[in-house]
Amino acid sequence: MNPDIFEWIGYAASVFIVSSFLVNNIKSIRIINMIGCLCFVAYGTYFEFWPVVIPNAILVFIQLYFLIFKDNRVKS
């Protein structure tokens, strides 16, 4: 694949991460942040930047945990 595509994915990841700080709704923050983290995982995997991949992959699971389990507990 073209490395330029993954470079743009890296830029998109940065935009998603930064824009997640501009939102007030916690669920929206988690979703936007998770999208950014997923982009960073794709970017880091392609370029084999494991220090980028590992923490962002962990953050994806943390965001999913809170979106799926914690939000459901509050509503119940």
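Only heavy atoms go into these numbers, but all of them, side chains included; no hydrogens, no water, no symmetry mates.
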Show me the donor-acceptor pairs within less than 3.5 Å that the side chains of residues 43-64 make with the rest of the protein, sequence neighbours left out.
unit_1	atom_1	unit_2	atom_2	d
Thr45	OG1	Val41	O	2.6
Tyr46	OH	Met1	O	2.9
Asn56	ND2	Val52	O	2.8
Gln63	OE1	Arg30	NH1	2.7
Gln63	NE2	Asn33	OD1	3.0

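- In this structure, Tyr11 shares a hydrophobic cluster with Trp8, the cluster being traced through Ile, Leu, Val, Met, Phe, Trp and Tyr side chains under 4.5 angstrom apart.
- Contact between Ala13 and Cys39 at its shortest, heavy atoms only, is CB-CB, 3.4 Å.
- With sequence neighbours left out, Asp4 forms a side chain to side chain contact (heavy atoms under 4.5 Å, CB included) with Asn2, Glu7.
- Hydrophobic clustering, with ILVMFWY side chains joined whenever heavy atoms are under 4.5 angstrom apart, keeps Val15 apart from Met34.
- A continuous path of Ile, Leu, Val, Met, Phe, Trp and Tyr side chains, each step under 4.5 Å between heavy atoms, connects Val23 with Phe16, placing both in one hydrophobic cluster.
- Note: Asn24 CG to Ile29 CD1 = 7.0 Å, rounded to the nearest 0.5 Å.
- Across all their heavy atoms, Ile17 and Phe40 have their closest contact at CG1-CE1, 3.9 Å.
- By the 4.5 Å heavy-atom criterion applied to side chains, Ser20 and Ile31 are not counted as neighbours.
- Scanning all heavy atoms of the two residues, the minimum distance from Ala42 to Phe6 falls at O-CD2, 3.8 Å.
- Within the model, atoms CD1 of Ile26 and CG of Leu67 stand 9.0 Å from one another, a figure rounded to the nearest 0.5 Å.
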